[in-house]
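I have placed the structure first, in the form of structure tokens, so that the comments after it can refer back to it.
Just so it is clear, the model here is predicted, and its values are computed rather than measured.
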Amino acid sequence: MDRSQEMKNANLLSQRVFYICDLQLFKESDKIPNIRGRAKLVHNLIRAYDLVSHMQLIPHRPASEDSLLSFHSRNYIEFLQKVDQSSDLEKHEDDQLEFGLEYDCPLIEGIYRFVQAIAGASLTAAQVLVNGLARVAINWNGGWHHAQRDGAEGFCYINDVVLAIHKLREKFSRILYIDFDLHHGNGVENAFAFTPHVLTLSLHKHEPGFYPGTGGLLDVGLGRGRYYSVNVPLKDGVRDDNYFTLFHCIANKVWCTFRPDAVVVQCGADCINGDPACAFNLTPRGIGQCVEKVLAWNLPTLFLGGGGYNLPNTARCWTYLTSIIVGFQIPASIPDSNEDFMCYSPDFELDIIPGNRSDQNTAEDMKLLAETVCQNLDNIAEGKE
Ligand SMILES: O=C(CCc1ccccc1NC(=O)c1cccc(C(F)(F)F)c1)NO
Ligand SMILES: [Zn+2]
């Protein structure tokens, strides 16, 4: 191999952060209810801050039918293929309901090509980590954590998170999944509830009537997976400092007892102040501190998106997280070169101020969460079932 090729490879490896992006993927992402236009907004802001020059940009490869079947049922995948072709949707009305393709997950045009793109992007990112080409990969168009084996749920048509974790398991023995989205990562937890090879850790809002309703403190996993599902149920109003203190304590315990070989992080931005969900008082700095802690472990890590319905705030959040992941500090004011500049009015600032909702989580609540979770995790220390 000549010198220049060596230089290229060295440069490639030094770009330890791979970033999945291409226009087709953004086009497919726009088919998801309530986030139309978000994919481009996020990418444009990341580009405006010139963060792309610190990353290796690669396009997604559409997921094959086989890779979709590594988690989803043949019935569901074949239904998506069938309904994709047919013009008259009325014919499949009852099937649609059976596969959750109603209400929150209305049928979308070209749905099979859509799920191949969404799943393919996260699989392409995971493959980069399996190949050892990079230590970190980002797919802000993934993170659809509610989709179940045999159906769509909660705006999630395909569970790209489960597929990506399954891909990582080809090389890594113990995978830690961390879910910062406002909603419980039920689809991912269900997929791995019975296995000790994947520990799922979800911090989320949990109160009567709030979707999906699962992820209570007593939900610890099943069979050989008992104690490998970790849930941190929170009430409205939690703020950066308490959230990070809790995460810091639990993440340390998970790291010591589970000793992960790779990490997948779902960064749903509906937990950030300003989201129409109006629940937590968090800012990107709070989640950013948690991300810094995960990066300090220096493990192969895949970052995914998720919820986030205040589109400019979601762009602010994931741009800020990208700057932390690549280790390049960026200025607080939105670059006016950005074509979407006006979306960031009236402040044109990157920072998001914390909400001022009263914190329903008392100090006792937080203490009980930390203690209970840490006691549960004592059960997975070396050798204990
Ligand atoms: O964000 C999600 C999906 C949430 C969801 C699941 C099932 C039914 C409805 C929803 N959507 C919302 O909870 C929601 C929250 C805030 C804002 C919106 C919006 F899109 F209408 F703005 C929607 N999972 O991480
Ligand atoms: Zn969510």
Side-chain angles (χ1 to χ4, degrees), residues 145-146 154 176-186 188-190 193 199-222 225-258 265-294 306-308 317 352-381:
H145 58 170
H146 297 310
L176 168 58
Y177 171 65
I178 301 172
D179 190 314
F180 292 124
D181 194 286
L182 179 68
H183 302 90
H184 175 229
N186 59 339
V188 187
E189 181 182 289
N190 293 346
L199 188 149
T200 56
L201 166 60
S202 179
L203 296 86
H204 47 268
K205 172 173 175 174
H206 186 261
E207 70 178 37
F210 183 75
Y211 175 86
T214 48
L217 198 50
L218 303 179
D219 170 354
V220 295
L222 303 158
R226 186 168 169 75
Y227 302 119
Y228 290 85
S229 297
V230 181
N231 283 295
V232 184
L234 293 162
K235 299 170 190 151
D236 277 350
V238 66
R239 311 178 71 80
D240 284 346
D241 47 0
N242 287 345
Y243 188 95
F244 177 65
T245 304
L246 187 57
F247 175 76
H248 184 273
C249 157
I250 292 171
N252 278 341
K253 187 74 177 175
V254 164
W255 192 79
C256 297
T257 53
F258 180 60
V265 187
Q266 197 268 20
C267 304
D270 43 10
C271 62
I272 300 292
N273 178 45
D275 189 275
C278 284
F280 289 175
N281 287 323
L282 299 179
T283 77
R285 287 187 188 286
I287 301 296
Q289 279 187 289
C290 300
V291 164
E292 279 169 342
K293 179 155 188 62
V294 172
C317 183
I352 298 169
I353 57 164
N356 53 14
R357 273 178 290 280
S358 70
D359 188 352
Q360 309 290 309
N361 305 279
T362 64
E364 290 71 36
D365 290 335
M366 302 300 267
K367 188 164 173 292
L368 177 70
L369 286 174
E371 283 173 354
T372 311
V373 165
C374 288
Q375 278 157 22
N376 287 339
L377 284 166
D378 282 335
N379 290 289
I380 71 168

* **Donor-acceptor contact below 3.5 Å, side chain Gln266 vs main chain Gly268** => yes
* Asked: Given the side-chain rings of Phe210 and His204, with only the six-membered ring counted for Trp, is the space between their centroids under 6.0 Å?
  -> no
* Asked: Could you state the interatomic distance from CZ (Phe244) to NZ (Lys293), rounded to the nearest 0.5 Å?
  -> 6.5 Å
* Structure fact -> Closest non-hydrogen contact found for Cys271 with Phe280 is O-CB, 3.2 Å
* Evaluate the side-chain proximity of Ile178 to Leu176: yes if any heavy-atom separation is below 4.5 Å, no if none is. => yes
* Asked: Out of Asp359, Asn361, Asp365, which one pairs with Lys235 under the side-chain hydrogen bond (donor to acceptor under 3.5 Å, both in side chains) rule?
  -> Asp365
* So, the side chain of Asn190 versus the backbone of Asn186: is there a donor-acceptor pair under 3.5 Å, distance only? -> yes
* **Side-chain heavy atoms of Cys374 within contact of Cys249, under 4.5 Å** => yes
* To do: Walk me through it: do Arg285 and Ile352 pass the test side chain to side chain contact (heavy atoms under 4.5 Å, CB included)?
  => CA-CA 9 Å; Arg285 287 187 188 286; Ile352 298 169; over 6 Å; no
* To do: Specify the closest pair of heavy atoms between Thr245 and Asp241, including all atoms of both residues, with the distance to one decimal.
  => OG1-O, 2.7 Å
* Asked: For Phe180, which of Ile272, Asp270, Ile287, Leu282 qualifies under side chain to side chain contact (heavy atoms under 4.5 Å, CB included)?
  -> Ile287
* First locate atom OG of Ser229, then atom CD of Glu189, and finally report the distance between them rounded to the nearest 0.5 Å. => 4.0 Å
* Arg239 and Asn281: side chain to side chain contact (heavy atoms under 4.5 Å, CB included), yes or no, with the steps? -> CA-CA 5 Å; Arg239 311 178 71 80; Asn281 287 323; 3.5 Å; yes
* Asked: Just how far is it from atom NZ of Lys367 to atom OG1 of Thr362, taken to the nearest 0.5 Å?
  -> 11.0 Å
* **Close side-chain approach of Thr200 and Tyr228, heavy atoms under 4.5 Å** => no
* Aromatic ring proximity Tyr177/His145, centre distance under 6.0 Å -> no
* Asked: When you check the side-chain N and O atoms of His184 and Ser202, is any donor under 3.5 Å from an acceptor?
  -> no
* Could you please spell out the steps behind the side chain to side chain contact (heavy atoms under 4.5 Å, CB included) verdict for Leu199 and Val230? => CA-CA 7 Å; Leu199 188 149; Val230 181; 3.8 Å; yes
* Asked: Can you find a pair of side-chain heavy atoms, one from Asn273 and one from Arg357, that are under 4.5 Å apart?
  -> yes
* Asked: NE2/His183 to OG1/Thr214 distance, rounded to the nearest 0.5 angstrom?
  -> 11.0 Å
* Do any N or O atoms from the side chain of Asn231 and from the backbone of Leu217 form a donor-acceptor pair under 3.5 angstrom? -> no
* Option from Thr257, Leu377, Asp378, Asn379 for which side chain to side chain contact (heavy atoms under 4.5 Å, CB included) with Tyr227 holds -> Asn379
* Asked: Which atom pair, heavy atoms only, marks the closest approach of Pro233 to His206?
  -> CB-CB, 3.4 Å
* Structure fact -> In terms of heavy-atom contacts, Ala269 and Asp275 come closest through O-OD2, 4.0 Å
* Work out which heavy atom in Ala277 is nearest to a heavy atom in Leu182; give both atom names and the distance. => CB-CD2, 3.5 Å
* **Pair Leu201-Ile250, side chain to side chain contact (heavy atoms under 4.5 Å, CB included): steps then yes or no** => CA-CA 9 Å; Leu201 166 60; Ile250 292 171; 3.9 Å; yes
* Structure fact -> Output for pair (Asn242 CG, Met366 CE), nearest 0.5 Å, gives 4.5 Å
* Asked: Is Ile353 atom CD1 crowded by more than 12 heavy atoms from other residues, nucleotides or ligands, each under 6.0 Å away?
  -> no
